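What follows is a short report on a single structure.
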Amino acid sequence: MSAGAYEHCRQIARASRSSFYTGMRLLPPERREALFAVYALARRIDDVADGQLPVEEKLARLEAIRGELARLSESADPVLMAVADASGRYPIPLEAFGDLVDGAEMDVRGTDYGTFAELVVYCRRVAGSIGRLALGVFDASDRTRADGLADDLGVGLQIGNVLRDLSEDIPGGRVYLPREDLERFGCAVRGGRVEGPAELLVAFEAERGLGFVDRGLGLVPLLDRRSAACVLAMAGAYRMLLERMAAEPSLALTGRPSLRPWEKGWVLARSLARAA
């Protein structure tokens, strides 16, 4: 296995400027490389869904990725080579990439959600899948129990994503807020905005997201110290954003909330301290 394939994946993770990159760097070198590989392939799938290609071409590319996943050992693509090697060394559930592709297809087709339960299905596909893939890289004492917790953590983080991107998604015609919740709060999406008491709705969904995150963080005691620090670092920034949007929901309606650099540093320091 060429070290160049893993380095290629690391560069993809670093270039993404994701808050996850810092957390991934807390792992021991071999596990870190494996998680970079997982991230790079997940990023590729996500980029197809979010790109500018016509719908049919996006769907064709996602279907091609499904085919590539079935032939990992034959690939000369550096990302796929790294994933194949990593899955040979760690119990990475490769079928979770199929779930991620399913979620990407939902995005491409513009799926909307009548109920919160339907939204949770989407969240489990696009983010719970990442939690399960990452768990395959971590050292866990009870993988059966940890699997469900990693999935819940992913759902909570995705709810944070939905709310953080609200002011960009809704004008672009992407509505992830469940219709039943819009109706419950007397809200409606019209003219690229949420009409009605939208702040109450955002605060409600943020609290829901926090519930999933807090439940998912039950994963931490099941992990070795460095894996625990990685999870706390990756989840900590999203948890802070969810807390902020629950307290000040207007932030999600008027812009894209983000953490200041010092806050990201504080999350990292706290993650290391909690995992010690």
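Predicted model, so just to flag it, every value in this text is computed and none were measured. As a basis for the values below, the full set of heavy atoms in this structure was taken, side chains included, without hydrogen atoms, waters or symmetry mates.
Between R256 and D165 there is a salt bridge, with a side-chain nitrogen of the basic residue lying less than 4.0 Å from a carboxylate oxygen of the acidic one. Comment: R43 engages D46 in a salt bridge, judged by a side-chain N to carboxylate O separation of less than 4.0 angstrom. A salt bridge does not link D99 with R125: none of the charged nitrogens is closer than 4.0 Å to a carboxylate oxygen. A salt bridge links R61 to E57: at least one charged side-chain nitrogen sits closer than 4.0 Å to a carboxylate oxygen. The pair R226-D139 does not meet the salt-bridge criterion, since no charged nitrogen lies less than 4.0 angstrom from a carboxylate oxygen.
Taking hydrophobic clusters as Ile, Leu, Val, Met, Phe, Trp and Tyr residues chained together by side-chain heavy-atom distances below 4.5 Å, F204 shares a cluster with V202. L157 and L251 fall into different hydrophobic clusters, defined by Ile, Leu, Val, Met, Phe, Trp and Tyr side-chain heavy atoms under 4.5 Å apart, directly or through other members. Side-chain heavy atoms closer than 4.5 Å link hydrophobic residues (I, L, V, M, F, W, Y) into clusters, and following such links, possibly through other members, connects L200 to L253. Hydrophobic cluster membership differs between V121 and V108, with clusters built from Ile, Leu, Val, Met, Phe, Trp and Tyr side chains linked at under 4.5 angstrom.
Ring orientation note: the planes of F212 and F116 are tilted relative to one another, at an angle of 30° to 60°.
Proximity of a side-chain donor or acceptor of S227 to a complementary backbone N or O of D224 within less than 3.5 Å is not detected. A donor-acceptor contact shorter than 3.5 Å is absent between the side chain of E205 and the backbone of L201. Between the side chain of S87 and the main chain of A84, a donor-acceptor pair closer than 3.5 Å is present.
Residues passing the side-chain hydrogen bond (donor to acceptor under 3.5 Å, both in side chains) test with R89 are Y6, D85, sequence neighbours excluded. The salt bridge (Lys or Arg N to Asp or Glu O under 4.0 Å) test applied to D102 returns R66, not counting sequence neighbours. Partners of I130 by side-chain contact (heavy atoms from CB on, under 4.5 Å), not counting sequence neighbours, listed by chain and number: A42, L100, L133.
Pairs of residues two or more places apart, or lying in two chains, never qualify as ring-ring contact (aromatic ring centres under 6.0 Å, His included) while including a residue from residues 50-91.
Across every non-hydrogen atom of P197 and G186, the tightest pair is CD-O, 3.7 Å. The nearest pair of heavy atoms linking M234 to G23 is CG-CA, 4.0 Å.
In this structure, the separation between CG on D47 and CD on Q52 is 11.5 Å, given to the nearest 0.5 Å. Between the CG atom in L242 and the CG atom in L210 there is a gap of 4.5 Å [rounded to 0.5 Å]. Here CG of L26 is found 14.0 Å from CZ of R31. Values are rounded to the nearest 0.5 Å.
Between Y238 and V213 there is no side-chain heavy-atom pair separated by less than 4.5 Å. Considering only heavy atoms from C-beta on, R10 comes within 4.5 Å of Y21 through its side chain. Side-chain contact check for V137 versus P91: every heavy-atom pair is 4.5 Å or farther apart. Residues V101 and E105 form a side-chain contact, since some pair of their non-hydrogen atoms from C-beta on lies under 4.5 Å apart. Here the side chains of L241 and R164 are in contact, with some heavy-atom distance below 4.5 Å. In this structure the side chain of L135 reaches within 4.5 angstrom of the side chain of L223, judged on heavy atoms. Side-chain contact between Y113 and T111 is present, with heavy atoms from C-beta onward closer than 4.5 Å. Between M245 and P257, the closest side-chain pair of non-hydrogen atoms falls below 4.5 Å.
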Return a table of donor-acceptor pairs under 3.5 angstrom between the side chains of residues 168-179 and protein atoms on other chains or two or more places apart.
from, atom 1, to, atom 2, distance (Å)
D169, OD1, R174, NE, 3.0
D169, OD1, R174, NH2, 3.0
Y176, OH, D107, OD1, 2.6
R179, NH1, D112, OD2, 3.3

Side-chain donor/acceptor pairs under 3.5 Å, residues 188-196, sequence neighbours excluded:
from, atom 1, to, atom 2, distance (Å)
R190, NH1, E195, OE1, 2.7

Check against salt bridge (charged side-chain N to carboxylate O under 4.0 Å, His left out), D181 and R208: CA-CA 12 Å; D181 293 344; R208 269 179 160 172; 2.7 Å; yes
